[in-house]
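Every chain is numbered from 1 and lettered A, B, ... according to where its sequence line falls, protein lines coming before strand lines.
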2 protein chains.
Amino acid sequence: MAKEKKLVESITSMSEDFAQWYTDVVKKAELVEYSNVRGCMIIRPNGYAIWENIQKELDRRFKETGVENVYMPMFIPESLLQKEKDHVEGFAPEVAWVTQGGLETLPERLCVRPTSETLFCDFYSRIIQSHRDLPKLYNQWCSVVRWEKTTRPFLRSAEFLWQEGHTAHATEEEAEARTIQMLNVYADFCEEELAIPVIKGRKTDKEKFAGAHSTYTIEALMHDGKALQSGTSHNFGDGFAKAFDIQYSDSQNQLQYVHQTSWGMSTRIIGALIMVHGDDSGLKLPPRIAPVQAMVIPISQRKEGVMEKAASLRDVLKEAGIRVKLDDSDKSPGWKFSEQEMRGIPIRVEIGPKDMEQNQAVIVRRDTREKLVVSLDELAEKAKEILDCIQKDMLARAKEHLKEHTYVARDYEEFKKIVAEKPGFVKMMWCGDEACELKIKEDTTATSRCMPFEQEQITDVCPVCGKPAKTMVYWGKAY
Amino acid sequence: MAKEKKLVESITSMSEDFAQWYTDVVKKAELVEYSNVRGCMIIRPNGYAIWENIQKELDRRFKETGVENVYMPMFIPESLLQKEKDHVEGFAPEVAWVTQGGLETLPERLCVRPTSETLFCDFYSRIIQSHRDLPKLYNQWCSVVRWEKTTRPFLRSAEFLWQEGHTAHATEEEAEARTIQMLNVYADFCEEELAIPVIKGRKTDKEKFAGAHSTYTIEALMHDGKALQSGTSHNFGDGFAKAFDIQYSDSQNQLQYVHQTSWGMSTRIIGALIMVHGDDSGLKLPPRIAPVQAMVIPISQRKEGVMEKAASLRDVLKEAGIRVKLDDSDKSPGWKFSEQEMRGIPIRVEIGPKDMEQNQAVIVRRDTREKLVVSLDELAEKAKEILDCIQKDMLARAKEHLKEHTYVARDYEEFKKIVAEKPGFVKMMWCGDEACELKIKEDTTATSRCMPFEQEQITDVCPVCGKPAKTMVYWGKAY
Ligand SMILES: [Zn+2]
Ligand SMILES: [Zn+2]
């Protein structure tokens, strides 16, 4: 029994130390293993299978909007990176440089891509000639490198996996529409698949992407009340096009610059998945994204017929399209329950001799621990209903948490008190001056998360400086 | 009309200059674009969609054998690479080195992975303790870098995409069985999906992978009679396990070294696809791997109802599960035909006013150019039949080509004459001495492709040195 409790005992509780709880879950659920390579993580099968499901679902949504996948080189010559001033300033300090190839020193340093705007621009400058070539709607799935000083699995690492979409359009309006469209794809994906509600909005100039005219973001609230930027979509206007000379001849045969966008979501979103839904028993995966949706666990498995029955339940569930596994190892049921909970598998199906006598099984929900006795004649049907129900309930709970942890500040003292005492988002008006943004960060460590699309007029003035308020901002501490 | 012919005219014919034909097809079919980064290619949507289909199908086959996907860091610290002597000697001369991170010089150089044996070994040494942890059957999809001097799209480039499987087993026998199993997965995949027949066999010691006990290979024959190594599977024995100290306690609680394998297939296989099936009109894709299987092309598309009818045929075919597109651009039918042929789309469906009157469409096969008049009432059914037929016929033709270009040499003069005059494989006996292998390479530039599983006793002695023959070898010039 001592041995059996170990798996859960070794996790720090969320309330005691949230950061340590996160690290424990990531490790115990076998999502990640640390590597010998500074700041780089190994994504283990349990973690990578989540990423594969994210990829599959996002990729489907991208393709429905006409996006095509490509693959660009992983290296960027230094001269190419330098073509757009703001961009190079933003990224150069945090990239890794290749200086030797084979046995030779390279004539020009190559950086390992931190993002691929410059490569796509170079590519577009060569393949776009006419308005008939537009729009270009390309995306790539790849890994990128940013030489971060401090790293945490999924949240911040020297190398991470992501997708980066890059589009080129004939008009400003079309580029802006695509920027918003992709932000909505991300937001819908988070809500529908990950059961994570997000705030959609625009970044302030201070927080926008290096080289972008405007950056849009989706911000999610973690269990500890901190924000996580979960996906971004940038409108570059024609800035990059001018730097890289990407022109097309329009229908009147006039040369025009293209308008560009880029948008990305990364393995960081797995961090959100953990921190929005998890609890002191481990991970809690929404059924739609869970690599394994149901674990069949035999009780008294040595008793005659139990293992065979458990295998047949697995087959029935599989047949019904549920991603299911059977834990037929020689561990005790208690140990298996703990493992299934740690890994966040949405339901377990218990079947033992007594259940068999009564032609039933017990389905236990990971999210609520509720036990449901189900007739074997309608097992698959009920399992599906329960999975749907879990998906809905998880989103509802996350929405409730977001609502409960979103505060309103009418004056700056109130703001500071909330930030100090109540983790979450704080809605407060802003004059639009970076000085106020900087002051807030200095005083409280909270940053502007976004200027939400859904605006409210809380006060008429900026509570920090007293000047007229321009916009409502979501403020918060962030990962 | 002059303009319309351009697409095809600009391709060099295969018989005139095969290498130039290859380059032309790759470019005109828009598979690849050259980049500003030395030796790196941009894989365009038409090329990447082929790779996505290859990935999907290979990944499915891997998972059926119990393989799980992971992701390892892209960097390898120099000290880690050096742990296995043969391995580092094989790869160090052709890797790219990162020496700077952010604004600092790194204390230790990191190489950009040319392959990940060392990372997997390091990982396995930490997660394998007991025989219960075995086997480990991991794979990753990623890009790797090898600093090649001369490069050609897909065939040889500084960066390429691949999968690399790495497994750890309790016993020698199990590792050997897995090595062969994965070679068979590759061979079956090539035959069934790519319509490419391959020769399965073992590499000579001279040609085996750096650090492997034995390397198995599948070798395909290109249209020009040159061989292409299309996939390899390596048995490492316990060599890496000893270098990296990967031990497990067996059921008697004794420490044992694991036995390891690795196996890989890369974007190189797209080069094979082009060079096995293509012709002077461009690419020819087997239906199972083709991103677009059918292109609907309206004839006299301005005539009333034609475009609507063409769109409805597209919908009917799509409904039936065929990957289909409609070319509704304002180009002429002749231009569209050329484009569809260049891109290797297996069938086109022509529909015009006269066809509509007779409730029919014309299906044209890309492989044979055969035209088939089909009633619209059975369009989807017929299209499916024709696609199946093309897949079978393409494999049969490739098999025939392989058979016709495989020769037998009984003495060395005959061998040299064949190699000089008849491009293809030459079967000849070998004594097993590297000296004879080197002599053949020096005299003819042909290399040992493999010692095939299917052996024949052609002569009793090695025709080069006269010593007793040990094995039959496939020899040939290779990419
Ligand atoms: Zn202010
Ligand atoms: Zn010999």
Side-chain angles (χ1 to χ4, degrees), chain A residues 30 33-49 51-52 59 68-77 79-80 92-104 106 109-110 112 119 122-123 126-127 132 138 140 142-143 145-149 158-159 161 267 329, chain B residues 30 33-49 51-52 59 68-77 79-80 92-104 106 109-110 112 119 122-123 126-127 132 138 140 142-143 145-149 158-159 161 267 329:
Chain A
E30 298 190 347
E33 174 71 36
Y34 294 94
S35 82
N36 257 339
V37 189
R38 181 193 160 290
C40 294
M41 59 180 170
I42 294 167
I43 307 181
R44 300 183 68 170
N46 289 351
Y48 199 80
W51 182 239
E52 284 183 306
D59 200 67
E68 299 178 292
N69 285 334
V70 300
Y71 186 77
M72 305 293 286
M74 72 152 82
F75 299 126
I76 308 174
S79 55
L80 199 62
E94 60 174 46
V95 297
W97 293 101
V98 172
T99 60
Q100 291 162 349
L103 303 171
E104 290 159 26
L106 303 184
R109 295 197 297 181
L110 302 173
V112 184
L119 292 166
D122 187 47
F123 179 33
R126 271 179 282 161
I127 64 166
R132 281 187 208 88
Y138 291 167
Q140 77 172 345
C142 64
S143 75
V145 168
R146 296 181 190 175
W147 214 253
E148 305 275 4
K149 289 253 158 67
E159 181 190 8
L161 302 179
T267 37
S329 68
Chain B
E30 298 190 347
E33 174 73 36
Y34 295 95
S35 82
N36 257 339
V37 190
R38 181 192 159 292
C40 294
M41 59 180 171
I42 294 168
I43 307 181
R44 300 183 70 170
N46 289 351
Y48 199 81
W51 182 239
E52 285 183 306
D59 200 67
E68 298 178 293
N69 285 334
V70 300
Y71 186 77
M72 305 294 286
M74 71 151 84
F75 299 126
I76 307 172
S79 55
L80 198 62
E94 59 174 46
V95 298
W97 293 100
V98 173
T99 59
Q100 291 163 350
L103 304 170
E104 290 159 26
L106 303 183
R109 294 197 297 180
L110 302 173
V112 183
L119 292 166
D122 187 47
F123 179 33
R126 271 178 283 161
I127 64 167
R132 281 186 208 89
Y138 290 168
Q140 77 172 344
C142 65
S143 75
V145 168
R146 296 182 190 174
W147 214 252
E148 304 276 3
K149 288 254 158 67
E159 181 190 7
L161 302 179
T267 37
S329 68

Please tell me if the side chains of B/R38 and A/L110 come closer than 4.5 Å, counting only heavy atoms from C-beta onward. no
What residue, out of B/E30, B/E94, B/R109, has the most heavy-atom pairs lying under 4.5 Å from chain A? B/R109
So which of A/V95, A/I127, A/T99, A/N69 has the biggest tally of heavy-atom pairs under 4.5 Å with chain B? A/N69
Below 4.5 Å, heavy-atom pairs only: which of B/P93, B/C40, B/G101 has the largest tally toward chain A? B/G101
Side-chain heavy-atom pair B/V98, A/V98 within 4.5 angstrom cut-off: yes
At a heavy-atom separation under 4.5 Å, does B/Q140 approach chain A through its side chain, its backbone, both, or neither? neither
Checking heavy atoms, do the side chain of A/R126, its backbone, both or neither come under 4.5 Å from chain B? side chain
Does any part of the side chain of A/P45, heavy atoms only, come nearer than 4.5 Å to the side chain of B/Y138, both counted from C-beta? yes
Locate the shortest heavy-atom distance separating A/P77 from B/N36; write the atom from each residue and the value. CG-O, 4.1 Å
Test side-chain contact (heavy atoms from CB on, under 4.5 Å) on A/E68 and B/Y48; report intermediate values, then the result. CA-CA 9 Å; A/E68 299 178 292; B/Y48 199 81; over 6 Å; no
Looking at chain A, which one of B/L161, B/V145, B/L103 has the largest number of heavy-atom pairs inside 4.5 Å, strictly under? B/L161
Look at the side chain of A/E159 and the backbone N and O of B/M74, then say whether any donor-acceptor pair between them is shorter than 3.5 Å. yes
Pick whichever of A/S143, A/A158, A/G47 has the most heavy-atom pairs under 4.5 Å with chain B. A/S143
So which of B/L80, B/L119, B/V112 has the largest heavy-atom pair count under 4.5 angstrom toward chain A? B/V112
A/F75 and B/W147 aromatic ring geometry - parallel, tilted or perpendicular at 30°/60° bounds: perpendicular
Sort out for me which of B/M72, B/E52, B/E148, B/K149 touches chain A most, counting heavy-atom pairs under 4.5 Å. B/E52
So B/Y71 and A/T267, side-chain hydrogen bond (donor to acceptor under 3.5 Å, both in side chains) or not? Walk me through it. CA-CA 11 Å; B/Y71 186 77; A/T267 37; over 6 Å; no
